[in-house]
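Side-chain atoms are counted along with the backbone in the values below, which use heavy atoms only and exclude waters and symmetry mates. Letters A, B, ... are given to chains in the order of the sequence lines, protein chains preceding strands, and every chain is numbered from 1.
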There are 2 protein chains.
Amino acid sequence: MDVSTRGGKRLLNRDDWMRAALEAVAEGGVAAVAVDRLAKQLGATRGSFYWHFRDRRELIDASLEKWESEHTTELMPEVDAIADPVERLRYLFREVYEQAVDPIEVALASAAGEPLVAPVVARVTNTRLAFLRRIFRDLGLARREAADRAWLAYAFYVGHHELATNDELRKSQPNRLDLIIDLLTAPSARKEMRR
Amino acid sequence: MDVSTRGGKRLLNRDDWMRAALEAVAEGGVAAVAVDRLAKQLGATRGSFYWHFRDRRELIDASLEKWESEHTTELMPEVDAIADPVERLRYLFREVYEQAVDPIEVALASAAGEPLVAPVVARVTNTRLAFLRRIFRDLGLARREAADRAWLAYAFYVGHHELATNDELRKSQPNRLDLIIDLLTAPSARKEMRR
DNA sequence: ACCTGAACACCGTTCAAGT
DNA sequence: ACCTGAACACCGTTCAAGT
């Protein structure tokens, strides 16, 4: 944390650039991370940027990793304390369904295919899938069925937010979570229908 | 279809530019539509482009509308012929689940929030939601429940493809559709569980 | 050790001038 | 009617030179 100065101005460090980059991601997605704009914003030249980072790619890489470590394992312990698996799922979904979602998260999800973003998304997703599998295992489902439902649940979560970024479509969005929780946690449905 | 020439070279029209633009979208998303690159590709100058289109925005707009009218109502009549609503849903999901998806579709879905893309996505999605609602209505569900399940089904579809663009994650993807169809078409689950 | 300033390539947009 | 070529602003990247 060396906060040196020169000629009155505070010298910049990697963290300053990364914070500015994450702000840009939140506002306009990864594409909005422009070295030139950040430099102007921070009162420096582009040349200065290249002292701290090899290139734009490294800035984005480092920024997303920073975000990941700060945001991915955040509410996990809290949720883990809920014993009933259905309630645990309900809590999790209410959390992400009703509240405003982290704009960085949305930006990353909708750029999951880009080579810069893919590894971050993969790591975060795997953590969450493991968490969901635990829930369905605790519900008494077989390993494979639990894995499949976890995928279904997470795919729904991702798609839901993808669709919700579109103002027009948000109107069609159901406002009760119960149905979703019910369906996801239903006993093996096909068998149910046969009785 | 005026195919004029001058000095040996065929003159370009709007359609030539739009085709090139859609190719670019398929390969690298909307961001890859660069007037400069397209011009080089087509053997023309950037200046020429601005004879046919007001700006880059209009090119993308027109291209996506062209794609929409060609791809959105394509297999609807064919699917509509299937009488059993569960089978209709199964057919629809198998179609999009197993086969390689149109890369333009994927590119658009993952840019659903961008102002240029949003209206197209909204129109296509609304058409498909209506179609899904029909299926659940035919299954005997009430209007509201049918609407909610349609949203669930479509959100899953979008999220599934979002996740599948990530090579790492595709491994966790379940390879049987049955579970998903079963859950989506299950009779009201909460009640089932209570008996 | 950290930054500036100039340079170059790429891209969006405009416009006078050419055919 | 359709296109070229030059111009300008924006952005990524490099590098010699400054403090």
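Spacing between atom CG of A:L116 and atom C1' of D:dG12 amounts to 14 Å, rounded to whole angstrom units. Atom CH2 in A:W17 sits roughly 13 Å away from atom P in D:dT13 (whole-Å rounding). Note: CG (B:L12) to P (D:dA1) measures 17 Å, nearest angstrom. In this structure, the CZ atom of B:R56 is 6 Å from the P atom of C:dG12, given to the nearest Å. To the nearest angstrom, C1' of D:dC11 lies 16 Å from CG of A:L42. Residue A:L38 contributes atom CG, which lies 8 Å from atom P of D:dG12 at whole-angstrom precision. Atom CG of B:D16 is separated from atom P of D:dC2 by 12 Å (rounded to the nearest Å). In this structure, A:F53 atom CZ and D:dT14 atom P are separated by 15 Å, rounded to whole Å.
For A:F49, the ring-ring contact (aromatic ring centres under 6.0 Å, His included) partners are A:W17, A:F53, not counting sequence neighbours.
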Subject >> Full working for side-chain contact (heavy atoms from CB on, under 4.5 Å) between A:D102 and A:W67 >> reply: CA-CA 11 Å; A:D102 181 1; A:W67 172 83; 2.9 Å; yes
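Crowding of A:R123 atom CZ: a count of heavy atoms from other residues, nucleotides or ligands under 6.0 Å exceeding 12.
Between B:D84 and B:R90, none of the side-chain N atoms (NZ, or NE/NH1/NH2) sits under 4.0 Å from a carboxylate O, so this pair counts as no salt bridge. Salt bridge annotation for B:R19-B:E23: absent, with no cationic side-chain nitrogen under 4.0 angstrom from a carboxylate oxygen.
Considering only side-chain N and O atoms, A:R37 lies under 4.0 angstrom from the phosphate OP1 or OP2 of D:dC11. OP1 or OP2 of D:dA1 has not a single side-chain nitrogen or oxygen of B:H52 nearer than 4.0 Å. Within the 4.0 Å cut-off from OP1 or OP2 of C:dT14, not a single side-chain nitrogen or oxygen of B:Y50 is found.
Side-chain atoms of A:R46 do not come within 3.5 Å of backbone N or O of A:L38 as any donor-acceptor pair. No donor-acceptor pair under 3.5 Å is formed between the side chain of B:D16 and the backbone N or O of B:L12. A donor-acceptor pair is defined here as one N or O able to donate and one able to accept, closer than 3.5 Å; such a pair exists between the side chain of A:R14 and the backbone of A:H52. Looking only at distances, no side-chain donor or acceptor of A:R133 sits under 3.5 Å from a matching main-chain atom of A:A147.
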Return the polar atom pairs (N/O with N/O) between nucleotides 6-8 of chain D and the protein under 3.5 Å, or none.
none

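With a 3.5 Å limit on both pairing distances and Watson-Crick or G-U wobble geometry required, the stems of 3 or more pairs in DNA chain C span C:4-8 with D:12-16, C:12-16 with D:4-8.
Along DNA chain D, the nucleotide closest to A:F49 and the one closest to B:W51 are compared, and the more 5′ of them pairs with B:W51.
Minimum atom distance to the side chain of B:K40 is reached by C:dC11, of the listed C:dC11, D:dT13, D:dC3.
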